[in-house]
Protein chains: 2
Amino acid sequence: MESGTARIAVDLLGGDDAPAVVVDGALRAVRADPDLHLLLVGPAEAAGEVIRALDPAQRARVTVRPVRTVVGMADHPVAARADSTVRGAVHAVRDGAADALVSAGSTGATVTAVALGLGRWPDVRRPALIATLPAVAGPVVLLDVGGSLEPRPATLARHAALGTAYAAVAHAVAAPRVGLLSVGTEAGKGDRARRLADPILAATSLPCDGRYVGLVEGYDVSLGARADVVVTDGFTGNVLLKAIEGAYAMAGGPPTGGGAPRAAALLGVAGTVVVCHGAARPEDVAAGIGLAAHLWRRRATDQVRALLDGTEAGDREERTDRTTDTEVPTS
Amino acid sequence: MESGTARIAVDLLGGDDAPAVVVDGALRAVRADPDLHLLLVGPAEAAGEVIRALDPAQRARVTVRPVRTVVGMADHPVAARADSTVRGAVHAVRDGAADALVSAGSTGATVTAVALGLGRWPDVRRPALIATLPAVAGPVVLLDVGGSLEPRPATLARHAALGTAYAAVAHAVAAPRVGLLSVGTEAGKGDRARRLADPILAATSLPCDGRYVGLVEGYDVSLGARADVVVTDGFTGNVLLKAIEGAYAMAGGPPTGGGAPRAAALLGVAGTVVVCHGAARPEDVAAGIGLAAHLWRRRATDQVRALLDGTEAGDREERTDRTTDTEVPTS
């Protein structure tokens, strides 16, 4: 268990079974981590349930910001612009009342509220949702798992750099190996998006001594044999993560080291944000709160941001080179 | 074990570890099924290994068609136009020397050779590779798993009808439930391709009392709770299938009822064709030969073809209706 105070804003009304599941998850998190402080954003009665269930000594680590409105899973993301619990949590981070936020509500609504309230990083066109899976040789960082369903090749390249920095900062992976998910490992395998992205990723400068290893396959997400970071579009990453979760359930339970995560970090925004699955159970919400605290204690967002600034310069140089190549054709 | 003679042409040189793995797989298949006849297409010495290892009584069920050239995994599919083992297997089916064919070679090369040698069904723009996974309530039919990486919505709709007929004919699923794989079950979830395809699938007439249940998620491929047939593009299906296989390996082995299949049926072509994974093991090749014999004994290809003819008429009527709607606008 890492130490150091971490103040996490929790969206009490996000998720299919909110607030009950979030209340249970918050209780578990507070009891497990003595340096954790929670700011519960939502109805006062739900927050009261958490506080009443805690020992008096633990209650001092829980505060409440009453908000009523919730964004439904079927609502359009801009509904998050209305007064809502996720917006309340975003404001708590913006105002400095919390260090990070966790929501199990609609991913689209959370991303929108965070982008509006905290801002995006200017050089990351699309924030990425990052999931970490257990694998044989260590964790596999999979991105995107739902933030950007149809990324351009340049976005995949940016996500490759993001994922590399995240693997190094959040999981202490040295010199991360980065793969692009496709249907085979031979160059040229895949659909148009992969064939376009492969050479762009090969030319992308990666932080933390990361290196691009080329195309990887579905196995590599579960087993981690070829890559520590697997880059894909949010559609593929999302269905993949859920299929792996289903496979573990079919096989009688997840492997030692943990199953498919139900909490993902949102990177590319100016704040520490964790999104839980809408069907999160109490242990998933607690894991999401724990992930947010872990990321805050490592100052992961700031570190990743600083590492990306390094690669950005590299990209710029490469772009200049390419322009020169075009102006003075060689043959 | 089903009975009835089935004569399967086997591509001895297809697959990463051919011919050794194919030789082993063919031996297992011949020994397991007394009504199975194999036509081995490839080098005479590899075929000789199979024949020498069999009992004299079993040898009568194995014949050889010597061919030398192989299509590599990295070769362009049109290389299959050259003289090759997969082409030899296709010719054996075309000439009536075999009832079905099995190859663990490049999927693209096999599809091309089959389309050229046996022909496509005129109303199926893209043949589909169909994999069957074990699930809680029965098998889940997943298509496409690599035949068509970027299908149009109309192709996804055609594949929905194909998969429905296949589930009924090959797996005796009554009134198959058909889902479109996406990132959530609420209408409107998914990328552009899914949002376009969802209403088209909803309007598609399905054979065998099949019904479209809307969007399903990654879990549904592994668990089968919501659908018996899951329709997706070949890119997503391929990475998904491999991720599930990797997850079973991580979890310490596949569930009771079998793991992720390494043999898939190719539908939409005028013949019975099974494609094995390039990294197939001997048991996978034997399973692929068994699948081909099963499909032939049920006359699955002809039955699916006949069932599609029924739905095709329905589609035509709907098209006429829509044209009328356009010509006489209502409002």
Side-chain angles (χ1 to χ4, degrees), chain A residues 72-76 106-108 133-136 145-146 149-150 181-194 216-225 232-257 259-260 278-279, chain B residues 72-76 106-108 133-136 145-146 149-150 181-194 216-225 232-257 259-260 278-279:
Chain A
M73 292 302 279
D75 291 345
H76 193 275
S106 149
T107 302
L133 293 99
V136 173
V145 298
L149 298 184
E150 288 161 288
L181 187 62
S182 193
V183 297
T185 57
E186 302 88 357
K189 288 272 178 182
D191 58 2
R192 188 159 176 277
R194 283 4 100 155
V216 299
E217 297 179 271
Y219 320 108
D220 297 304
V221 176
S222 337
L223 298 172
T232 192
D233 62 277
F235 181 87
T236 306
N238 185 285
V239 296
L240 207 66
L241 191 61
K242 290 171 179 170
I244 291 172
E245 183 179 333
Y248 287 150
M250 273 293 289
T256 324
Chain B
M73 293 301 280
D75 289 347
H76 193 273
S106 149
T107 302
L133 293 98
V136 174
V145 298
L149 298 184
E150 287 161 289
L181 186 63
S182 193
V183 297
T185 58
E186 301 90 356
K189 287 271 178 181
D191 58 2
R192 190 161 173 275
R194 280 7 97 156
V216 299
E217 297 179 271
Y219 320 107
D220 298 304
V221 177
S222 337
L223 298 172
T232 191
D233 61 277
F235 181 87
T236 306
N238 184 285
V239 296
L240 208 64
L241 191 62
K242 290 172 179 169
I244 290 172
E245 183 179 331
Y248 287 150
M250 273 294 290
T256 324

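Here is the naming used below: chain letters follow the sequence lines, and residue numbers restart at 1 for every chain.
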#### Entry: Backbone of A:A243 reached by a side-chain donor or acceptor of B:S222 within 3.5 Å
yes
#### Entry: Shortest non-hydrogen contact between A:F235 and B:L181, atoms and distance
CZ-O, 3.4 Å
#### Entry: Side chain / backbone / both / neither for B:R192 at chain A, heavy atoms under 4.5 Å
both
### Message
So which residue, A:S182, A:A225, A:G184, ends up with the most heavy-atom pairs under 4.5 Å with chain B?
### Response
A:S182
### Task
Return the option, out of A:L149, A:N238, A:L133, A:D191, with the maximum number of heavy-atom pairs under 4.5 Å with chain B.
A:D191
### Query
Which pairs with one or both residues in residues 234-250 of chain B pass salt bridge (Lys or Arg N to Asp or Glu O under 4.0 Å), sequence neighbours excluded?
A:E217-B:K242, B:E245-B:R262
### Query
How long is the gap from CD1 on A:I244 to OH on B:Y219, to the nearest 0.5 Å?
12.0 Å
Just distance, no hydrogens or angles: give the donor-acceptor pairs under 3.5 Å from side chains in residues 246-255 of chain A, sequence neighbours left out.
none

### Task
Calculate, to the nearest 0.5 Å, the distance between atoms CG and CG belonging to B:L240 and A:L240 respectively.
6.0 Å
